[in-house]
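Okay, structure first, notes after.
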2 protein chains.
Amino acid sequence: MNPYLNHAKHLVAVDCIIFGYDLPDKELKLLLLKRIFEPARDKWSLAGGFVQADESLDDAACRILRKLTGLDSVYMKQSYCYGDVGRDPGDRVISVAYYALTSIRDIDSDIVMRNGVHWHSVSRLPDLIFDHNAMVKKALSDLQNDIKITPAGFELLPEKFTLVQLEELYKAIYQHDIDRRNFRKKVVALGILEKLEEKETETSKRGAYYYRYNRETIEKLKREGFYFDLEVS
Amino acid sequence: MNPYLNHAKHLVAVDCIIFGYDLPDKELKLLLLKRIFEPARDKWSLAGGFVQADESLDDAACRILRKLTGLDSVYMKQSYCYGDVGRDPGDRVISVAYYALTSIRDIDSDIVMRNGVHWHSVSRLPDLIFDHNAMVKKALSDLQNDIKITPAGFELLPEKFTLVQLEELYKAIYQHDIDRRNFRKKVVALGILEKLEEKETETSKRGAYYYRYNRETIEKLKREGFYFDLEVS
DNA sequence: CCAAAAGTGTTCGAATTACACCCATGA
DNA sequence: TCATGGGTGTAATTCGAACACTTTTGG
């Protein structure tokens, strides 16, 4: 007898918590879309989709993200698997949550329009369907922890950024103020930032130096067991 | 049209990484069982089972643990969801890994016998089926992180334990030595331990005081936003 | 010259580390 | 009395937190 027979099979979905950082607004945002079918039609929802037969969970997450944003190769990470029986009133669905980090301006605005999606500030989220609010809460907490020990936060910024922008990003993610001087000391001490000649002069007369971070250096350090530490108060 | 139709359904399993602490041996152990069906018959495997139609993931994990150990209400935590297409050669199975913490002597040895299970030292594990070695590795890493910020480690000890035993436990989990004096200072400073009159006199002539920890105190502190910190070097 | 944002150092206290000797007891 | 394991304290250092003024420049 085949031990794989006679067991229930389940719909398995992937839901993506897509974080984007709005540089001008200095706000961490979330890409949401209006659900176009019942149950809960017209309520806000995370981007989700069902896992296909020949597709890994990671692949499914990438596919869903690509379909909605046009983006490939963004930072993605599995957050948690949600499997309560009644969590989706439409049917029993087990859902694996992934979170993605992207800079908002990376997203093709045509695609954004066409899918009826919208960026919402994480600090003023609407009610989402099912357990999606809990998913966001957990993913944000994961993100807050991840950026302490990996350079994931940088994924939310464009290639070139100023230290002020980096600081504002961390404030937006932690949702509290941080000390500018201590933050700069710590982030510079990491040794992964490269100061450019160029300045950003839109937001101030004086201008702020652009920095970029070197992915190769980071990869090298990670291979050497480098422990990134950017805990902030 | 029903949006839930026409999607692939999947076998979903739960695999339990059951950690136990062997007090006399001072070793962190893992409950493994010999697989009794193909594929990979007779290879060592984690305790697993399929999620039923009317059962949450957490419930499935509890059921599997109970069946194998007779234990209810042990510390369990979801670790990660594994969903690569070819991970189980028998069929496409998506597997949610949970880890459990228990003191070895809590387990009904009849049940252990009957199920042909065996405790293995985590530092000398055999080859496991499929991706189970990776699951263990990830779960151990999760555990190492968890015991820094929650009192989960205590779940691996009996009700009464000595500070020496607690220290040996942490050594076994981190798989490196720690400084006895610094560890004791830190763990006592947490204020969650109660020193008993009684001494443990089996292993030394002098005897070591038993301690126990007060679950109620911990619950209260957790509600107050208490941050347990037992990072050790 | 002034408003607005960028940039910079120091001091203090707390926490972590490193480290070695005395104690109690049963055999 | 001695071998065995239990128990303790201190000094040095590092790390994190708090805190305010100077610089630049365009308008």
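Because the structure is predicted, anything quoted here is derived from the model rather than measured. Scope of the values below: all heavy atoms of this structure, side chains included, with no hydrogens, waters or symmetry mates.
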Whole-Å distance separating the [atom1] atom of [X] from the [atom2] atom of [N]:
X	N	atom1	atom2	result
A/Ile178	D/dC19	CD1	P	17 Å
B/Arg184	C/dC22	CZ	P	18 Å
B/Glu200	D/dG5	CD	P	12 Å
B/Asp179	D/dG9	CG	C1'	12 Å
A/Phe183	C/dG9	CZ	C1'	18 Å
B/Tyr209	C/dA24	OH	P	9 Å
B/Arg181	D/dG7	CZ	C1'	11 Å
B/Leu163	D/dG7	CG	P	6 Å

Taking [atom1] in [X] as the centre, count heavy atoms belonging to other residues, nucleotides or ligands within less than 6.0 Å. Is the count above 12?
X	atom1	answer
B/Tyr209	OH	no
B/Arg184	CZ	yes
A/Arg87	CZ	yes

For A/Lys186 and D/dG16, is the shortest distance between a side-chain N/O and OP1 or OP2 below 4.0 Å?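 A/Lys186 to D/dG16 OP1/OP2: side-chain N or O found under 4.0 Å.
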Reference residue A/Lys77; test salt bridge (charged side-chain N to carboxylate O under 4.0 Å, His left out); the match among A/Asp58, A/Asp142, A/Asp146: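 Checked A/Asp58, A/Asp142, A/Asp146 against A/Lys77; only one passes salt bridge (charged side-chain N to carboxylate O under 4.0 Å, His left out): A/Asp146.
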A/Leu23 and side-chain contact (heavy atoms from CB on, under 4.5 Å): which partner among A/Ile104, A/Leu157, A/Thr203? A/Leu157
Quick check: B/Tyr80 with B/Tyr82 (ring centres under 6.0 Å apart)? yes
Indicate, yes or no, whether a donor-acceptor pair under 3.5 Å links the base of C/dT25 to the side chain of B/Lys199. no
Identify, residue by residue, the members of residues 201-208 of chain A with a heavy atom below 4.0 Å from DNA chain D, and return them in order of residue number, or none. A/Lys205, A/Arg206
